[in-house]
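Everything below concerns the one structure shown next.
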Amino acid sequence: MTGLQAEKAGDTPAHAAAFSTAATVRELRIRGAFEFTPTVFPDNRGMFADFFQLPAFAGAVGHPFPLVQASHSVSRRGVVRGVHFTVAPPGMAKYVHCTSGRALDFAVDLRVGSPTFGQWDSVVLDQEHLRSTYLPVGVGHAFVALEDDTTMVYLMSGGYVPGNEHAVSALDPEIALPFDLDGEPVMSPRDRDAPTLAEAARLGILPDYETSLALDMAL
């Protein structure tokens, strides 16, 4: 047993025999987007979990994740970030995890020509279940922080290039994301002034469905 396995298993043969890193995988209603829920190992010290597992990821998505950049954000309750996306090409895929606090995380299909164009699905990311979401190339990402000090970690398949990064309004009534906030969302000027989905389509900045699928499978 490796040192890492011993740390998870509690250093006893009985625990080692029961040790498993299996993750539960669920495809969201947006094609190519997935939810990953790891096995959590609690004990008297706290807990341990693998929030990213390459075999589970590649088995579900069909290819490994080419990590180029890892980032994190910290948000107070009521902050809304997104809907962010990268022009395709080059496109960018994201694997998102919450290490502290609680967030309602959204995958929004911005791929022109997709059967679910303009639709969304959501996952609660928190410290209890330790879920993560995968957003393939062309799928927009947004979330609302449900607690103070909500910390989000992003694994990304590409580096940040300002000219390639765009946003669609998270407040667009056509998309109708359910933030359920008591007051006004806290947003950056860029996100608050972002175009609606229809405006972004007229501007020609939205990713194409078939192009996005090809770019994602080539990662």
Side-chain angles (χ1 to χ4, degrees), residues 2-12 14-30 32-61 65 67 69-84 93-108 119-136 139-156 170 176-183 185-187:
T2 68
L4 180 59
Q5 288 174 325
E7 173 68 17
K8 295 173 184 174
D11 304 319
T12 68
H15 282 137
F19 170 71
S20 171
T21 59
T24 300
V25 182
R26 180 175 70 91
E27 186 167 16
L28 304 183
R29 69 175 181 175
I30 307 302
F34 290 86
E35 169 197 282
F36 294 87
T37 305
T39 301
V40 179
F41 299 91
D43 62 22
N44 61 340
R45 299 168 297 173
M47 69 84 183
F48 192 99
D50 298 312
F51 80 88
F52 178 80
Q53 301 171 38
L54 183 58
F57 177 88
V61 177
F65 189 88
L67 177 60
Q69 182 172 315
S71 305
H72 84 280
S73 66
V74 180
S75 304
R76 64 185 176 93
R77 186 178 184 277
V79 165
V80 172
R81 298 181 188 260
V83 180
H84 298 155
K94 297 179 181 179
Y95 190 91
V96 184
H97 179 72
C98 178
T99 59
S100 178
R102 188 165 175 262
L104 184 58
D105 199 62
F106 295 95
V108 183
Q119 298 181 32
W120 55 268
D121 205 346
S122 64
V123 177
V124 175
L125 303 183
D126 58 25
Q127 296 170 276
E128 179 181 359
H129 300 99
L130 300 175
R131 299 184 183 98
S132 301
T133 54
Y134 175 69
L135 299 100
V139 172
H141 177 242
F143 73 86
V144 55
L146 303 176
E147 296 179 3
D148 288 336
D149 298 321
T150 292
T151 302
M152 303 288 276
V153 172
Y154 315 82
L155 306 183
M156 296 179 287
L177 297 180
F179 295 124
D180 297 328
L181 295 173
D182 296 333
V186 181
M187 306 176 72

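Keep in mind that this is a model prediction, so the values were computed, not measured.
Applying the side chain to side chain contact (heavy atoms under 4.5 Å, CB included) criterion to Gln127, with sequence neighbours excluded, gives Ser100. Under the rule for a side chain to side chain donor-acceptor pair (under 3.5 Å), the partners of Ser75 that lie at least two apart in sequence or sit in another chain are Arg81. The side chain to side chain contact (heavy atoms under 4.5 Å, CB included) search around Val186 returns Arg76, Val79, not counting sequence neighbours. For the salt bridge (charged side-chain N to carboxylate O under 4.0 Å, His left out) test, no residue two or more places apart in sequence or in another chain qualifies with Arg29. Taking the ring-ring contact (aromatic ring centres under 6.0 Å, His included) definition, one finds that His97 meets it with Phe51, sequence neighbours left out. Residues meeting the side chain to side chain donor-acceptor pair (under 3.5 Å) test with Gln69, sequence neighbours left out: Ser71. In this structure Val153 satisfies the side chain to side chain contact (heavy atoms under 4.5 Å, CB included) test together with His72, Thr99, Leu155, sequence neighbours excluded. With sequence neighbours excluded, the residues satisfying side chain to side chain contact (heavy atoms under 4.5 Å, CB included) with Leu177 are Val83, Phe106, Val108, Trp120, Ala142, Ala170, Ile175, Phe179. Among residues two or more places apart in sequence or in another chain, the salt bridge (charged side-chain N to carboxylate O under 4.0 Å, His left out) test is passed with Asp182 by Arg77.
How far OG1 of Thr133 is from OH of Tyr154: 10.0 Å, rounded to the nearest 0.5 Å. With rounding to the nearest 0.5 angstrom, the CG atom of Asp180 is 8.0 Å from the CG atom of Leu104. Rounding to the nearest 0.5 Å places CE of Met156 at 7.0 Å from NZ of Lys94.
Here the side chains of Glu35 and Thr37 are in contact, with some heavy-atom distance below 4.5 Å. In this structure, the side chains of Met152 and Asp105 come closer than 4.5 Å at one or more pairs of heavy atoms.
Among all heavy-atom pairs drawn from Thr150 and Ala103, the shortest one is CG2-CB, 3.9 Å. Across Val74 and Asp149, no two heavy atoms sit closer than the pair CG1-CA, 4.0 Å. Here the shortest heavy-atom pairing between Phe36 and Ala56 reads CE2-O, 3.8 Å. Of all the heavy atoms in His129 and Asp126, the pair that sits closest is N-OD1, 3.0 Å. The minimum heavy-atom distance between Ala49 and Pro38, with the atom names listed, is CB-CG, 4.3 Å. Shortest non-hydrogen contact noted between Tyr134 and Gly32 is CD2-O, 3.4 Å.
In this structure a side-chain-to-backbone donor-acceptor pair under 3.5 Å is present from Arg131 to Val124.
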- Query: Stepwise, does the side-chain contact (heavy atoms from CB on, under 4.5 Å) test hold for Val123 with Val96?
  - Reply: CA-CA 11 Å; Val123 177; Val96 184; over 6 Å; no

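Less than 6.0 angstrom separates the ring centroid of Phe57 from the ring centroid of Phe52.
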